[in-house]
Amino acid sequence: MLRIYNTLTRKTEEFQTLEPNQVKMYVCGVTVYDDAHVGHAMSALVFDVIRRYLEHRGYTVRHVMNYTDVDDKIINRASQLGEDPLTLSQRYIGEYTNELHSLNVLPATSYPQVSKTMPLIIQFIQGLVQKEAAYAASNGDVYFSITGDKDYGKLSGRKLEEMQAGARIEVGEAKDHPMDFALWKAAKPGEISWDSPWGKGRPGWHIECSAMNLAELGEQIDIHGGGNDLIFPHHENEIAQTESYTGKPFARYWIHNGMLQLAGEKMSKSLGNIVSIKDFLSKRSADVMRMLVLSGSYRAPLVFSEETQEAAEKNVERLKSALRPGSPSASGVIPETAAYLASAVDSARSGFTEAMDNDFNTAGGLAVLFELVKAINTARDNGARNEQLKSAQDVFKELTGVLGLTLAEKKGSSEKEAQVNALIAERNEARRQKQWTRSDEIRDQLKEMGVTIEDTKDGTTWRWG
RNA sequence: GGCGUCGUGGCCAAGUGGUAAGGCAAGGGUCUGCAAAACCCUGAUUCACGGGUUCAAAUCCCGUCGACGCCUCCA
C-alpha cells in the first residue's frame, strides 16, 4: 500500500486515485529566462522518481509539466538583450529539455506553455469574474477576490488576518483587499500583450497553471507537485482559482520537494548562489546528481557540498560494482551460497517496495540495494559464474532503473581505448618479467589519462574514472 | 512578528512506541609484486537540551535552544 505525505492535510495518507490505475500528475516547471540550476534538477528528479515508481506499481501516469514563458523576468531579460520575449523563452525551453534528457528524466506526457494557452486563460478569468470571485479594477488589471473564498489559506495553513500584507501593496495597484492577486495584468506601453475583454495585457502568474491543468488533465487531478517554495502563494492561489471556477476539490495529493542548499542556504537566482545543471554535468554524471537526490528524503533540504557530491559519486561506483561479471575461470558456487543470493534477491525486492511505499523513501530503498550489492559481490568473490549472478543482477538493474539510475560506464573514444589497451599490454609484459618499476610507471601514466586498472587472476581490467 | 519543516556517530542519512538501517570518511585484516576493487572486522549504552506520559520513547506531550523555508519573484 503506497502512502504519500500530503501537504494539504499535513499527514501521510494512503494513495487512492480518482480513476483506477490512472494517475493525473501536474508538476510546476520552470520560468524560462536563464540557465536552469541544480535546484531545478532536484525537483525534476524527485518527480521523475515518483512517476517511475508509480509506473512500476502498475499505474498509468499522465505527467504534465508546464513552462512559464510569459512573465516579468522574461520580459525584462528580453528587453535587456533586445530580443523577442517568446524567442528568448523558447530558446531556454530547448536548453532545459536537453538538460532533462541528459539527467535521464523521462519525458512528460505534455509540456503546456502560457503563450499557447491564452484563450483558455482568458475564458477562465471571465468565468471567475462572472461568478464574482474576481473583479476588473479601474487600472485594467483583474484581481482574484480573496475575501469571497472562505477556505483561502488551507494549503499553507494561513489565515487572512495573520497575513501582514498591507505593506506590500505597490503604487498603482487597485485592489479591494491587500491579499487579492492579479489574474490579468494590463500591458505597459511596448510590452508583449494579448487582447482581452479588459484590454491588452497578459496573465498573472498563478492563473496559467489553473488553466493549463484544466486543459491537460481536467477539473480534478491526483497529484500536484512542485518545490515547497511554491506552497504560498502560488499553489494556494491555484487552489483558490480552480476550486472557485469548478466548485470541486482540485488536487487530491499535494507533494512538495525540499530546497537544495548550498552552504546552508537555498540555491536561488535572487541569492546568486547558482550551480547550473550545465556546470554540474560538465564535472559529474547524471547518476551522481540523481544519487544526491535519492540519498535523502525528497521533502527535506538537500545538502549540496563537495563532500556530499563526492560521497554520491562513490555510491554510484559502489552500485556499479554489482554489475561486474564473474570471473571466466570461476568454479561456481556451492548451493548454500546460491541460496543465500536468492534470498538476498527476495528481501531486496520486498524491502525496496516497503521503503518506497512509505512516501517514496528512496534512502531506505537505496540501503536495501546496497545490501544486494554486497550479496552479489560476495557471491562473485566466492566463485559465482555469470549465469549464477544473472538473475540477481537483473533484479538489481530493474530496481535501480525504477530510481532512474543508468549505472552506465563512462566511455572514451575508440582511439583512446586502443592506446589504453596497448599500454596495458606493455605493462603486462613488464609484469611478466617482474619489472615492477616499469609496470608501476605505466599504471601511473594510465591514472593520469583517467584510467583505473585492476589486476585479477584472469588478467587486467580497466575503466574510466 | 506569523505559518511551516527539522535537529540521529567525523560527513550524508533511514527509522516515528519495543530497545539505533545504509553509504562516505577512518583504523585493522584477507587478496595482490605493490596497488586498485571486492570481501571480513572495529565504531552512536545513544538520537539538540530540560521535564512529562508509558512496562517500554530517537519515536507521543510540554517547554527551551538552534537551523532552514515561506509570508515579495522562486523548483
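Chain identifiers are assigned alphabetically (A, B, ...) following the order of the sequence lines, protein sequences preceding nucleic acid strands; residue numbering begins at 1 within each chain.
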For residues 432-465 of chain A, the ring pair (Phe, Tyr, Trp, His ring centres under 6.0 Å) pairs (sequence neighbours left out) are A:Trp462-A:Trp464
(Q) Assess, by modelled atom type and distance only, whether the side chains of A:Thr12 and A:Asp359 contain a donor and an acceptor separated by less than 3.5 Å. (A) no
With A:Asp35 as partner, the option from A:Lys269, A:Arg77, A:Lys278 fulfilling salt bridge (charged side-chain N to carboxylate O under 4.0 Å, His left out) is A:Lys278
**Message:** Under 4.0 Å, heavy atoms only, any strand: does A:Lys314 hit a base, just the sugar-phosphate, or nothing?
**Reply:** sugar-phosphate
Taken to the nearest whole Å, NZ/A:Lys159 to P/B:C71 is 19 Å
Taking B:A75, B:C24, B:C12 as options, the one with an atom nearest any side-chain atom of A:Cys28 is B:A75
Closest to the side chain of A:Arg158, out of B:A14, B:G33, B:C71, is B:C71
Of the candidates B:A75, B:C12, B:A38, the side chain of A:Asp229 sits closest to B:A75
A:Arg431 has its side chain closest, among B:C24, B:G33, B:G69, to B:G33
Practice problem: Give A:Leu369 one of three labels, base, sugar-phosphate or nothing, depending on what nucleic acid heavy atoms sit under 4.0 Å from its own. | Solution: nothing
Out of B:G33, B:C39, B:G69, minimum distance to the side chain of A:Thr378 belongs to B:C39
Check your understanding: Does A:Asn228 make a side-chain donor-acceptor contact with the base of B:G4, cut-off 3.5 Å?
Key -> no
| said: Need one value for A:Lys374: base, sugar-phosphate or nothing, where a base atom within 4.0 Å counts as base even if backbone is also close, heavy atoms only. | reply: sugar-phosphate
**Request:** Using the aromatic ring of A:Phe370 (for Trp, its six-membered ring), decide whether it stacks on the base of B:G22 within the limits of 5.5 Å and 30°.
**Result:** no
message: Within the 4.0 Å heavy-atom criterion, would you say A:Arg427 contacts the bases, only the backbone, or no part of the nucleic acid?
response: base
Exercise for review: Scan A:Asn257 against the nucleic acid and name what it touches under 4.0 Å (heavy atoms): base, sugar-phosphate only, or nothing.
Suggested key: base
Would you please say whether a donor-acceptor pair under 3.5 Å links the side chains of A:Asn76 and A:Tyr33?
no
Select base, sugar-phosphate, or nothing to describe what A:Arg318 touches, counting heavy atoms under 4.0 Å on all strands.
sugar-phosphate
Out of B:A75, B:C12, B:C11, minimum distance to the side chain of A:His37 belongs to B:A75
Report task. Pick base, sugar-phosphate or nothing for A:Ser439, based on heavy-atom distances below 4.0 Å to the nucleic acid. Result -> base
Atom OH of A:Tyr340 and atom P of B:C40 are separated, to the nearest Å, by 7 Å
Rounded to whole Å, CG of A:Leu319 lies from C1' of B:A38 at a distance of 14 Å
For B:C39, the nucleotide meeting Watson-Crick or G-U wobble distances (both under 3.5 Å) is B:G29
* Heavy-atom donor-acceptor pair, A:Asn257 side chain to A:Val46 backbone, under 3.5 Å -> no
Taken to the nearest whole Å, CG/A:Leu155 to C1'/B:C71 is 14 Å
In Watson-Crick or G-U wobble terms, with both distances under 3.5 Å, the base opposite B:C65 is B:G7
query: Can you list the steps and then say if A:Met179 with A:Thr147 is a side-chain contact (heavy atoms from CB on, under 4.5 Å)?
result: CA-CA 9 Å; A:Met179 289 303 293; A:Thr147 37; over 6 Å; no
- Task: Would you kindly say whether A:Thr308 and A:Ser305 are connected by a side-chain donor-acceptor distance under 3.5 Å?
- Result: yes
Base, sugar-phosphate or nothing for A:Asp71? Non-hydrogen atoms, less than 4.0 Å. nothing
Have a look at A:Arg443 and say if it touches a base, only the backbone sugar-phosphate, or nothing, with a 4.0 Å heavy-atom cut-off.
base
Inset, instruction - Quick one: label A:Gly225 by what it contacts on the DNA or RNA (base, sugar-phosphate, nothing), any heavy atom closer than 4.0 Å. - result: nothing
Over all strands shown, is A:Asp455 touching base, sugar-phosphate only, or nothing at heavy-atom distances under 4.0 angstrom?
base
| said: Measuring to OP1 and OP2 of B:A35, would you say a side-chain N or O of A:Lys447 lies under 4.0 angstrom away? | reply: no
When A:Ser270 and A:Thr452 are each assigned the nearest nucleotide of RNA chain B, the 5'-most assignment goes to A:Thr452
Between the protein and nucleotides 15-21 of chain B, list the N/O to N/O atom pairs that are separated by less than 3.5 angstrom.
| unit_1 | atom_1 | unit_2 | atom_2 | d |
| --- | --- | --- | --- | --- |
| B:G15 | OP1 | A:Asn361 | ND2 | 3.2 |

Notebook entry, point to check: With sugar-phosphate meaning primed atoms plus P, OP1 and OP2, does A:Leu230 contact a base, only sugar-phosphate, or nothing at under 4.0 Å between heavy atoms?
Noted result: sugar-phosphate
* Asked: Relative to the ring of A:Trp254, is the ring of A:His224 parallel (under 30°), tilted (30 to 60°) or perpendicular (over 60°)?
  -> parallel
Would you call the rings of A:His234 and A:His206 parallel, tilted or perpendicular, taking 30° and 60° as the class edges? tilted
| said: Applying a 4.0 Å non-hydrogen cut-off, can you work out what A:Gln261 is touching in the nucleic acid: base, sugar-phosphate, or nothing? | reply: sugar-phosphate
### Message
By the 4.0 Å heavy-atom rule, please label A:Glu454 as base, sugar-phosphate, or nothing.
### Response
base
